[in-house]
Number of protein chains: 2
Amino acid sequence: MQILVVEDDKRISDFLIKGLEENGILVTLCKNAEDVLACYSTIQWDLIICDIMLPGMDGIQLVQTLRYKKVFVPILMLSALGSVQDKVTALDYGADDYITKPFHFDELLSRIKALTRRQQYQQEEAPTSIFSYGELTVDLNQYRVLVAGQEIDLSPKEFKLLVYLIENVDKTVTRTQILNAVWGITFDNHTNVVDVYISYLRNKIENPNNKYIYTLKGVGYIFKT
Amino acid sequence: MQILVVEDDKRISDFLIKGLEENGILVTLCKNAEDVLACYSTIQWDLIICDIMLPGMDGIQLVQTLRYKKVFVPILMLSALGSVQDKVTALDYGADDYITKPFHFDELLSRIKALTRRQQYQQEEAPTSIFSYGELTVDLNQYRVLVAGQEIDLSPKEFKLLVYLIENVDKTVTRTQILNAVWGITFDNHTNVVDVYISYLRNKIENPNNKYIYTLKGVGYIFKT
DNA sequence: TTGAATTTATGCAAATTCTCGTAGTAGAAG
DNA sequence: CTTCTACTACGAGAATTTGCATAAATTCAA
């Protein structure tokens, strides 16, 4: 496992590097956001641990920039600020988790585990990056969707939802599972975003002769082949 | 697995209950510490998930009291506050773990797994997801039921009831057991829903030559092979 | 600002759940 | 065998929930 640590405070980075390496993790260190942007394309990390307070471009801006550049590695934010607002902002901008300093190293490890588990799972489950069924073709790497040979435009959320359904072909997935997997952190289960996005997807990829997504009333949805 | 959730915020408790139940966990809800103390001796839980902020007695006091009363069930604290002090206090007073809101549901599940590892926690992908007997075939993953090769529609409750009966093939189950497992109702003997749903099921899956569900007068029902 | 993406709100039709009431049944007691 | 009683079956319909389309509101990047 290879992790990038973005941290300018030497005391903290030393602490992190020592702890992580003792757990068999390879660590790269960048002291500011600019360094990360200069080299992000050369190395494939499994996880990025990033302080929010950085000299120059701050951590949240960095996350935003990386996501914009289609870097989807899990990112764990690190901050001395414990306010919920920061947490929410960071998560909104594309971070996957958040931990406040100081913290138990055990907790950090368990969060790292949690964040990289899905990744590994996906790698095991989806060795092929192209999924095809009926008139539908989805290129998971290139972010492209073809319907009957015609390329169609999906918004990021629509794409993520489709990918999740495809990862669970022929298995029922509940709205809660979809919310967890596609929307991430939330306590709001009085929302119908899932329904709405299922509807968007259906409009874009289905037609009367080619249906993929079936509703199981009172349960959830299933992508059937 | 049976978990007690102590949480006064309905949105959060709804979210927790839904997510946990979808992972095959039985959930009891208490809205305050006092309710827990009133009934902790009657039910044996495998884990307690407890919010710190509660009306009246708070979560930390509750943990302290339970430990004083020699209740050693693992306790996972839940809080919006990210301060280290709270975390340390909670752990000092006898909690086993701590998670701050909001969180990834995956992380909660993995912590639950960690805390209950001693007990058997069999939530690994059910290897046999298809049950078949006589003309009846039930696919638990795809939520499909076939009778003599013909797919039939079951409502969620009907399906859940059927699954419960199948899980207890050749074993008598009482109405109370069914109520607990399928409806989650604990104290209500003034309803005949079970009878009604047994009737629905029989109409949908049985015919004069293929009977599966037998009534044991004064006792309950049994799915016989 | 605009326009696209996302989220929230709302209304309706259809499905589901559940209560009630009545009819029926099995088995014990006479 | 008949009667009685506790138990069971199930139709009818009310109450609730659900799925989904539509539209409005909000967010966010350019």
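Within every chain, numbering begins at 1; the chains are lettered A, B, ... in the order of the sequence lines, protein sequences first and strands thereafter.
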Hey, does [X] reach any base, or is it just sugar-phosphate, or nothing, if we go heavy atoms under 4.0 Å?
X: A:Y200; answer: base
X: A:K157; answer: sugar-phosphate
X: B:L216; answer: sugar-phosphate

Worksheet item: Is the shortest distance from a Lys or Arg side-chain nitrogen in A:D153 or A:K204 to a carboxylate oxygen in the other one below 4.0 Å?
Response: no

Closest to the [X] side chain: [options]?
X: A:P156; options: C:dA9, C:dT6, C:dT17; answer: C:dT6
X: B:V196; options: D:dG11, C:dT7, D:dG19; answer: D:dG11
X: B:T215; options: D:dG19, D:dT8, C:dC18; answer: D:dT8
X: A:N192; options: C:dT16, C:dT19, C:dA9; answer: C:dA9
X: B:N203; options: D:dA9, D:dG11, C:dA9; answer: D:dG11
X: A:S155; options: C:dT8, C:dT6, D:dC20; answer: C:dT6
X: B:T191; options: C:dT19, C:dT7, D:dC20; answer: C:dT19
X: B:Y221; options: D:dT8, D:dG19, D:dA9; answer: D:dA9
X: A:Y197; options: D:dA9, C:dA26, C:dA5; answer: C:dA5

Nearest-Å distance for atom pair [atom1]/[atom2], residues [X] and [N]:
X: A:I152; N: C:dA4; atom1: CD1; atom2: C1'; result: 16 Å
X: B:L201; N: C:dT17; atom1: CG; atom2: C1'; result: 14 Å
X: B:D153; N: D:dT18; atom1: CG; atom2: P; result: 17 Å
X: B:I213; N: D:dT8; atom1: CD1; atom2: C1'; result: 14 Å
X: A:I198; N: D:dA21; atom1: CD1; atom2: C1'; result: 14 Å
X: A:Y214; N: D:dG19; atom1: OH; atom2: C1'; result: 17 Å
X: B:K204; N: D:dC10; atom1: NZ; atom2: C1'; result: 15 Å

Measuring to OP1 and OP2 of [N], would you say a side-chain N or O of [X] lies under 4.0 angstrom away?
X: A:Q64; N: D:dA29; value: yes
X: A:R175; N: D:dG19; value: yes
X: A:R202; N: D:dA21; value: no
X: A:W183; N: C:dT6; value: no

Worksheet, complete the sentence: Interatomic distance, CD1@A:I213 vs CD1@A:I198, rounded to 0.5 Å, equals 5.0 Å

Worksheet item: B:E206 side chain to B:Y212 main-chain N or O, any donor-acceptor pair under 3.5 Å?
Response: yes

Worksheet entry | Within-4.5 Å side-chain heavy-atom neighbours: A:L179 and A:V193 | yes

Worksheet item: Any side-chain heavy-atom pair from B:L154 and B:L161 closer than 4.5 angstrom?
Response: no

Under 3.5 Å donor-acceptor pairs involving side-chain atoms of residues 52-65 of chain A, not counting sequence neighbours:
unit_1	atom_1	unit_2	atom_2	d
A:D58	OD1	A:I60	N	3.0
A:D58	OD1	A:Q61	N	2.9
A:Q61	OE1	A:D58	N	3.1
A:T65	OG1	A:Q61	O	2.6

